[in-house]
Amino acid sequence: MFPTDEPHYTLSITNHQTGKMLRVEMIDLPFSSRSYRLRINGDWAKKRPVASKTAVMQQLRAWWVAH
């Protein structure tokens with residue numbers, strides 16, 4: 001089975017005061033069960049194109065605290 005651009009996981013966070021939204025989609029990589037290709041708000045991630053669920057959650061926590 002080959003991976004597609006269909007996300008395995010999707011995380012959406014909305015700031016209801018400003019209306020800004022962050023949507024992270026995690027797409028399976030071939031032959032890897034612990035890493036995912038990332039798409040942020042519809043565009044492929046540039047700074048960190050591949051990450052694990054743990055790395056994504058750590059980055060989300062940092063973004064959440066900063067905003």
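Source: prediction; values computed, not measured.
- For the atom pair CD1 (I40) and NZ (K47), the distance works out to 11.0 Å, reported to the nearest 0.5 Å.
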Using distance only, find each side-chain donor-acceptor pair of residues 19-27 under 3.5 Å and give its atom names and separation, not counting sequence neighbours.
unit_1	atom_1	unit_2	atom_2	d
R23	NE	E25	OE2	3.3
R23	NH2	E25	OE2	3.4
E25	OE1	R39	NE	2.5
E25	OE1	R39	NH2	3.1

- request: Start with the C-alpha gap between T14 and S12, add the side-chain angles, then the distance that decides, and say whether side chain to side chain contact (heavy atoms under 4.5 Å, CB included) holds.
  value: CA-CA 7 Å; T14 303; S12 297; 5.5 Å; no
request  = Go through the steps to decide whether M57 and L60 satisfy the test side chain to side chain contact (heavy atoms under 4.5 Å, CB included), and finish with yes or no.
outcome  = CA-CA 5 Å; M57 293 307 292; L60 277 175; 4.1 Å; yes
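- Pairing each heavy atom of R48 with each of A51, the nearest pair is CD-CB, 3.8 Å.
- Relative ring orientation between Y36 and H8 is described as tilted, the plane-to-plane angle lying within the 30° to 60° band.
- Within the model, atoms CG of L38 and OH of Y9 stand 13.0 Å from one another, a figure rounded to the nearest 0.5 Å.
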